[in-house]
Amino acid sequence: MRSLLFVPGDSEKKLEKGLSSEADILLIDLEDSVSGERKEAARKVAADFLNANRNRPSPRLFVRINDLASGFADDDLAAVMPSTPHGIILPKSNSGKDVTRLAAKLNVHEARAGIAEGSTQILAIITETAIGTLSAASYPDASKRLVGLSWGAEDLSAAIGASTPRDAAGHYTDVFRLARAVTILGASAAEVAAIDTVYINYRDDEGLTRECEEAERDGFTGKLAIHPAQVPIINRAFTPSAEAVEHARKIINAFAENPSAGVIGIDGQMFDRPHLRRAERLVERARSTA
């Protein structure tokens with residue numbers, strides 16, 4: 001789950017283009033990119049697209065529904081769940097309770113559609129409201145369906161009245177750096193993937209590359225995209241290099257050969273159990289990417 005590409009749910013042309021983008025996950029959007037008067041049309045387009053492509057090996061197909069307080073979420077689920085999406089994106093999640101509520105709704109829709117219970121995954125966007133940002137620690141045990149947490153800067157800026165989430169140099173200001181940080185911590189606490197937010201300047205390859213590298217350094221394992229041109233850059237940044245995988249395997253093998261050791265020396269450097277855990281996670285990421 002490196003690259004997750006948003007595509008408007010009411011655009012058949014863009015949905016078809018998204019299939020060839022090499023994104024790991026295609027996010028069929030029924031929320032922000034679809035106007036109120038186009039919601040019903042988007043639901044039909046999304047359902048038809050899911051029916052036509054759900055058996056493809058990739059990309060996996062998730063649907064971003066409208067938030068639970070919008071009045072649209074139940075209609076979104078009723079329209080798309082019979083077409084068996086791989087997952088649902090929950091925007092403006094205020095706490096783990098919202099994930100639990102969505103999971104209960106999915107139980108009902110899966111039963112009606114004859115889908116195995118629990119097969120539809122959930123990825124929650126957790127910082128688009130003030131209370132959501134302050135509730136990042138509430139996601140452990142919210143639902144076994146939960147596979148990832150992401151964050152949003154633009155909706156949060158609107159919610160709190162900030163004129164922009166970045167300063168003149170292009171860096172996030174403190175509130176948004178906090179939102180980013182609690183997403184990583186919340187995902188780690190819930191033992192799910194941490195997915196970085198979108199980079200809205202889709203023509204700035206250098207800026208996107210830099211932001212991806214910083215996100216991967218800090219613990220994110222993937223990033224949301226708003227344009228197909230961003231996907232290759234994101235995939236490169238979040239795919240562990242062969243050298244990194246080889247080094248991680250050295251650490252894993254060294255501890256396997258010395259199971260009682262607390263510290264291992266390799267190539268003049270000392271590694272302890274936290275390094276082993278990090279190496280195991282990197283190798284698992286490489287395996288899932290392959």
Side-chain angles (χ1 to χ4, degrees), residues 1-9 11 14-15 17-29 31-34 59-60 62 64 89-93 123-129 132-133 136 147-160 162-187 192-241 285 289:
M1 193 158 57
R2 302 163 301 174
S3 52
L4 301 87
L5 174 63
F6 279 115
V7 182
S11 174
K14 291 181 179 179
L15 286 167
K17 186 177 181 180
L19 290 175
S20 60
S21 67
E22 299 185 356
D24 291 337
I25 294 180
L26 205 61
L27 304 178
I28 305 168
D29 189 21
E31 194 210 14
D32 286 345
S33 65
V34 179
R60 302 183 73 226
F62 279 48
R64 178 164 71 170
I89 306 291
L90 176 63
K92 298 179 179 65
S93 181
L123 192 152
I125 304 179
I126 68 169
T127 72
E128 294 180 304
T129 66
T133 305
V147 294
L149 300 180
S150 188
W151 71 289
E154 303 305 320
D155 281 277
L156 180 59
S157 67
I160 66 175
S163 59
T164 174
R166 297 179 187 264
D167 62 20
H171 303 125
Y172 284 116
T173 58
D174 286 348
V175 170
F176 301 94
R177 289 170 58 199
L178 172 65
R180 179 181 182 274
V182 299
T183 301
I184 298 172
L185 296 172
V192 298
I195 307 299
D196 196 21
T197 193
V198 298
Y199 187 75
I200 61 174
N201 188 350
Y202 63 86
R203 291 184 174 144
D204 180 11
D205 291 352
E206 182 179 344
L208 174 60
T209 299
R210 181 175 58 252
E211 189 158 288
C212 286
E213 291 172 349
E214 292 172 352
E216 196 276 339
R217 175 201 66 197
D218 292 344
F220 288 105
T221 57
K223 188 170 181 63
L224 303 176
I226 57 170
H227 193 280
Q230 295 180 319
V231 170
I233 296 172
I234 293 172
N235 283 347
R236 283 195 299 271
F238 291 98
T239 300
S241 68
R285 280 176 54 205
T289 298

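Position 1 is the first residue of the sequence; numbering continues from there. What you see below is based on every heavy atom in this structure, not just the backbone, and it leaves out hydrogens, waters and symmetry mates.
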Are more than 12 heavy atoms from other residues, nucleotides or ligands located less than 6.0 Å from atom CZ of Arg177? no
Work out which heavy atom in Val34 is nearest to a heavy atom in Gly9; give both atom names and the distance. CG2-N, 4.0 Å
Minimum heavy-atom separation for Ile125 and Ile89, please, with both atom names. CD1-CG2, 3.9 Å
Where Phe176 and Ala153 come nearest, the two heavy atoms and their spacing: CE2-O, 3.4 Å
Determine whether Leu19 and Pro59 make a side-chain contact, defined as any pair of heavy atoms from C-beta on separated by less than 4.5 Å. yes
Flag side-chain contact, heavy atom, 4.5 Å: Glu31 against Phe6: no
Within a radius of less than 6.0 Å around CD1 of Ile160, do more than 12 heavy atoms belonging to other residues, nucleotides or ligands occur? yes
Check whether any side-chain heavy atom of Ser150 lies under 4.5 Å from a side-chain heavy atom of Leu123, and answer yes or no. yes
Assess the residue pair Lys223 and Ile234 against the criterion (side-chain contact (heavy atoms from CB on, under 4.5 Å)); give the C-alpha distance rounded to whole Å, side-chain angles, the decisive distance to 0.1 Å, and a yes or no. CA-CA 7 Å; Lys223 188 170 181 63; Ile234 293 172; 4.0 Å; yes
Sort out for me which residue in Val175, Asp174, Val182 forms a side-chain contact (heavy atoms from CB on, under 4.5 Å) with Leu178. Val182
Looking at Glu128 and Ala159, what are the two nearest heavy atoms and their distance? O-CB, 3.8 Å
Let's go through Ser3 and Phe238 carefully: what are the C-alpha distance in whole Å and the side-chain angles of both, what is the deciding distance for side-chain contact (heavy atoms from CB on, under 4.5 Å) to 0.1 Å, and is it a yes or a no? CA-CA 8 Å; Ser3 52; Phe238 291 98; over 6 Å; no
Test Thr221 against Ile195 for side-chain contact (heavy atoms from CB on, under 4.5 Å), laying out the working first. CA-CA 6 Å; Thr221 57; Ile195 307 299; 4.2 Å; yes
Point-to-point distance, once rounded to the nearest 0.5 Å, from CZ of Arg64 to OG of Ser33: 6.5 Å
Between the main-chain N or O of Arg166 and the side-chain N or O of Thr173, is there a donor-acceptor pair closer than 3.5 Å? no
When the side chains of residues 213-220 are checked against the rest of the protein, which donor-acceptor pairs come out under 3.5 Å, sequence neighbours left out?
| residue | atom | partner | partner atom | Å |
| --- | --- | --- | --- | --- |
| Glu216 | OE2 | Arg285 | NH1 | 3.3 |
| Asp218 | OD2 | Arg180 | NH1 | 2.9 |
| Asp218 | OD2 | Arg180 | NH2 | 3.0 |

Applying the side chain to side chain donor-acceptor pair (under 3.5 Å) criterion to Tyr199, which one of Asp204, Thr209, Asp205 satisfies it? Asp204
With side chains defined as the heavy atoms from C-beta onward, is the minimum distance between Thr197 and Thr183 less than 4.5 Å? no
Determine the sole option in Asn235, Leu224, Leu208, Leu5 for which the side-chain contact (heavy atoms from CB on, under 4.5 Å) test with Gln230 is passed. Leu208
CD1 on Ile126 to CG on Leu90, rounded to 0.5 Å: 11.0 Å
Roughly how far, to the nearest 0.5 Å, is the CG atom of Asp155 from the CG atom of Asp32? 5.0 Å
Give the ring-plane orientation class for His227 versus Tyr202, where under 30° counts as parallel, over 60° as perpendicular and anything between as tilted. parallel
Please report the closest heavy-atom contact between Glu211 and Val198, naming both atoms and the distance. OE2-O, 4.1 Å
Spacing of CZ belonging to Arg2 relative to OG1 belonging to Thr239, to within rounding of 0.5 Å: 4.0 Å
Compare every heavy atom of Ser21 with every heavy atom of Gly18, then report the nearest pair and how far apart it is. O-OG, 2.7 Å
